[in-house]
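Have a look at the structure below before the remarks.
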Amino acid sequence: MASKFGGLFLKILLVLCIFRLSQGREFRKMKFPNLRMASSFSAALSRGYDYIIIGGGTAGCPLAATLSQKYRVLLLERGGSPYGNANVSYLQNFHISLADISPKSPSQAFVSTDGVINARARVLGGGTCINAGFYTRASKRFVRTAGWNAELVNESYPWVEKQIVHWPELAPWQSALKDGLLEAGVSPFNGYTFDHLNGTKVGGTIFNKNGFRHTAADLLASSNPHNLRVFLHATVQRILFNTRGQRPYTVGVIFKDENGNRHRAYLGAGRRSEVILTCGAIGSPQMLILSGIGPKKDLERLQIPLVLDNWHVGQGMSDNPMNSIFIPTKKPVEQSLIQSVGITKMGSFIEASSGFGQSSDSIHCHHGIMSAEIGQLSTIPPSQRTMEAIQKYSKSKHEIPVEAFQGGFILEKIDGPLSRGHLSLVDGNVDSNPNVTFNYFSHPYDLQRCVHGIRTIERIVHTKHFAELTQDDSYSFEMLLNISVKANVNFIPKHTNDTASLEQFCRDTVITIWHYHGGCHVDKVVDRDYRVLGVSRLRVVDGSTFDTSPGTNPQATVMMLGRYMGMKILRERMGRGAWV
Ligand SMILES: Cc1cc2nc3c(=O)[nH]c(=O)nc-3n(C[C@H](O)[C@H](O)[C@H](O)COP(=O)(O)OP(=O)(O)OC[C@H]3O[C@@H](n4cnc5c(N)ncnc54)[C@H](O)[C@@H]3O)c2cc1C
Ligand SMILES: *[C@@H]1O[C@H](CO)[C@@H](O)[C@H](O)[C@H]1NC(C)=O
Ligand SMILES: *[C@@H]1O[C@H](CO)[C@@H](O)[C@H](O)[C@H]1NC(C)=O
Ligand SMILES: *[C@@H]1O[C@H](CO)[C@@H](O)[C@H](O)[C@H]1NC(C)=O
Ligand SMILES: *[C@@H]1O[C@H](CO)[C@@H](O)[C@H](O)[C@H]1NC(C)=O
Ligand SMILES: *[C@@H]1O[C@H](CO)[C@@H](O)[C@H](O)[C@H]1NC(C)=O
Ligand SMILES: *[C@@H]1O[C@H](CO)[C@@H](O)[C@H](O)[C@H]1NC(C)=O
């Protein structure tokens with residue numbers, strides 16, 4: 001009886017908390033460091049910081065929160081606050097943020113030279129404010145290869161999890177995928193787990209049961225507010241170096257505020273003060289080049305004074321290709337992002353997502369993660385995916401039969417693509433997207449794994465579980481598929497037993513799952529402690545340092561790395577006893 005009562009009390013408390021959390025203003029008042037506009041920055045009032053962190057994203061927030069326990073930290077984020085922005089906070093608005101291409105949007109669209117439309121975060125909390133929320137750790141092998149201290153890794157993941165990660169209530173479409181995967185032989189079932197294990201599992205999520213999003217910005221609640229200054233709409237333009245001695249070292253940064261006015265912020269005199277770059281896989285190599293660290297000929301072309309010639313900066317960019325198939329169902333399915341995943345031995349990961357499609361509300365129908373409005377135009381070959389193509393789709397949307405929205409997607413992503421690309425700057429403006437090439441499927445093994453993934457999806461679709469969702473007396477699955485193909489939602493491989501046609505399918509329908517990484521690789525741009533090679537007092541801590549994307553989806557490990565590096569730095573400076 002007592003425990004039942006306790007449970008009810010907790011539920012009421014939870015509802016009250018959620019109510020408060022959804023009130024952005026209240027949330028900030030509770031325990032957050034002040035989020036200030038960049039224009040309120042005053043150099044005169046700042047004594048010099050122990051750490052200047054550039055980019056309040058997935059890694060930057062946990063890193064700033066941790067370092068602020070003992071040191072003075074300045075966190076500069078080019079975007080605004082996620083709080084009180086419904087486009088960020090609610091699961092059902094996932095596709096709205098990504099489709100918003102205004103300069104105020106939390107998402108900055110970019111198109112790689114491959115023609116695949118992609119997105120970069122521009123908001124406090126970074127990618128965790130615009131992503132699909134799936135939370136899952138890296139494999140043990142990944143941790144070993146990275147040379148991380150497994151014990152500290154084991155302490156850093158739970159630090160993130162207890163603050164912002166939830167177990168999902170499995171949506172019907174996700175449950176169907178789980179059962180279909182097992183029936184198709186992607187086994188064993190590993191249950192609800194954060195661990196990366198071969199077989200099928202259900203992972204965590206940063207959305208709570210009400211579809212309210214928690215983000216890396218929430219981790220700032222664990223900061224020491226007396227030591228941390230957070231400025232929003234603070235776009236760093238350049239890192240400042242002292243280049244008079246033998247080895248250049250950082251002294252501060254130049255940033256512009258929301259009115260375009262420039263400010264300088266400086267590190268304190270301590271030898272161990274550092275600038276730490278956490279601008280993500282596009283932003284960090286871009287910032288190094290803008291600051292004079294990169295390939296000499298690029299710096300000359302851009303007329304940027306050379307600090308250090310390193311041709312590896314911006315090299316080795318890669319993005320895991322994603323391909324998907326829409327499975328029409330006889331009844332509408334509830335919207336879901338990602339909850340279940342199949343980890344195949346061949347190295348492709350199978351996930352699922354469903355949008356919203358109900359005949360009573362056809363205006364609001366959309367395909368969630370695969371929405372054409374956000375550039376996931378998989379029925380058009382990459383080279384033809386233009387703004388005009390998106391607009392054409394939007395205009396014709398009301399003519400698409402509602403059956404074409406009724407159903408869900410099964411997607412596959414390949415692990416550790418061997419295809420590599422590169423990044424270079426178009427100009428010296430920090431607001432311009434760099435010119436990025438990923439070379440999807442240029443390596444034959446990547447193509448082979450895609451074909452394997454699509455064949456696995458085909459097996460899943462033909463399992464008993466899916467037959468129940470797709471078969472009907474009046475509609476055969478083939479008829480439903482035909483409707484989706486005619487409505488230009490689906491592009492079905494013509495012959496799944498013909499490898500050449502499946503390879504063509506992989507190339508023609510490639511889209512992104514936004515797990516791009518690289519550009520500041522370990523041993524090429526940074527050392528194993530993420531210190532930039534050849535200069536002092538500068539590190540890069542984010543997805544740009546990864547050779548492969550961790551786990552099936554990377555956010556857990558990027559946040560973990562922010563916490564991990566914060567703890568590692570504290571322990572190095574204060575001895576192992578440092579406990580925060
Ligand atoms: C649409 C989408 C869906 C995804 N779904 C999932 C998922 O379900 N699960 C999962 O695990 N992963 C998912 N990911 C991937 C994951 O979110 C990213 O890999 C991760 O967030 C990247 O972290 P980061 O720290 O490298 O960069 P970011 O989080 O992007 O952080 C970089 C920050 O730096 C700021 N910045 C950049 N330049 C400057 C500058 N010059 N001055 C100041 N600030 C600057 C940016 O505004 C940003 O806030 C998804 C990503 C996207 C975009
Ligand atoms: C949310 O997105 C819509 C559609 O793009 C836009 O009109 C609105 O201004 C956005 N809201 C916020 C708070 O940015
Ligand atoms: C870390 O945790 C994993 C399980 O999550 C465990 O297998 C491993 O032994 C742990 N490592 C250390 C060093 O504690
Ligand atoms: C999981 O699959 C990979 C191949 O992708 C294999 O190398 C590894 O040994 C497998 N692990 C287990 C525990 O079976
Ligand atoms: C972008 O890169 C591609 C491929 O490397 C190149 O062909 C193109 O000229 C570049 N564009 C710009 C604007 O630099
Ligand atoms: C699907 O469409 C094609 C071409 O429009 C047609 O030939 C075929 O008979 C259709 N199949 C079914 C099962 O309706
Ligand atoms: C698939 O392969 C079988 C056996 O090789 C062949 O008979 C059949 O025609 C193929 N189907 C398609 C659609 O190519």
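It should be emphasised that the depicted structure is a prediction, and the values quoted were computed from it without experimental measurement. Quick note: numbers below take in every heavy atom, side chains included, and nothing from hydrogens, waters or symmetry partners. Start at 1 and go down the list; that is how both ligands and their atoms are numbered.
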List ligand 3 atoms under 4.0 Å from [X], heavy atoms only on the residue side.
X	value
K140	7 (O)
A150	13 (C)
E151	13 (C)

Exercise for the section: Please tell me if the side chains of L124 and S81 come closer than 4.5 Å, counting only heavy atoms from C-beta onward. Expected result: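 L124 vs S81: side chains apart.
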Handout entry: Which residue and heavy atom of the protein sit nearest atom 22 (C) of ligand 1, plus the separation
Key =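 For this ligand atom, the closest protein heavy atom is T58 OG1, 3.9 Å.
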Practice task
Measure the distance from atom 4 (C) of ligand 3 to every protein heavy atom, then report the residue, atom name and distance (to 0.1 Å) of the closest one.
Solution key: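 Answer for atom 4 (C) of ligand 3: D195 OD2, 4.4 Å.
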So, the side chain of [X] versus the backbone of [Y]: is there a donor-acceptor pair under 3.5 Å, distance only?
X	Y	result
H517	H515	yes
R238	G292	no
Q376	T512	yes

Problem - Distance-only polar pair, side chains of Y157 and T557, donor-acceptor under 3.5 Å - result: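 Judged by distance alone, the side chains do pair up.
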Do ligand 1 and [X] have nitrogen or oxygen atoms that lie under 3.5 Å from each other?
X	value
N131	yes
M287	no
G283	no
V430	no

Exercise for the section: Check ligand 1 against D542 and write out every atom of the ligand that is under 4.0 Å from a heavy-atom position of the residue. Expected result: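 Near D542, the atoms of ligand 1 are 25 (O), 26 (O).
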Practice task
Find all atoms of ligand 1 within a distance of less than 4.0 Å from any non-hydrogen atom belonging to V123, and give their numbers and elements.
Solution key: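 In order of numbering, the contacting atoms are 47 (O), 49 (O).
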Problem - Shortest reach to atom 14 (O) of ligand 3 by a heavy atom, considering only L152, V153, V143, N154 - result: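 Looking at heavy atoms only, N154 sits closest to atom 14 (O) of ligand 3.
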Problem - 4.0 Å heavy-atom contact, G60 with ligand 1 - result: no
Problem - ligand 1 contacted by A234 (non-hydrogen, < 4.0 Å) - result: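 It does, in that a heavy atom of A234 comes within the 4.0 Å cut-off of ligand 1.
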Exercise for the section: Number the atoms of ligand 2 from 1 as they appear, then name those within less than 4.0 Å of a heavy atom of D100, with their elements. Expected result: 5 (O)
Exercise for the section: State whether any protein heavy atom lies less than 4.0 Å from atom 7 (O) of ligand 2. Expected result: no
Practice task
Name the orientation class of the two ring planes belonging to F194 and Y135 (parallel below 30°, tilted from 30 to 60°, perpendicular beyond 60°).
Solution key: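 Geometry flag for Y135 against F194: perpendicular rings.
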Exercise for the section: Assert yes or no for the condition that the ring centre distance of H196 to F349 is strictly below 6.0 Å. Expected result: yes
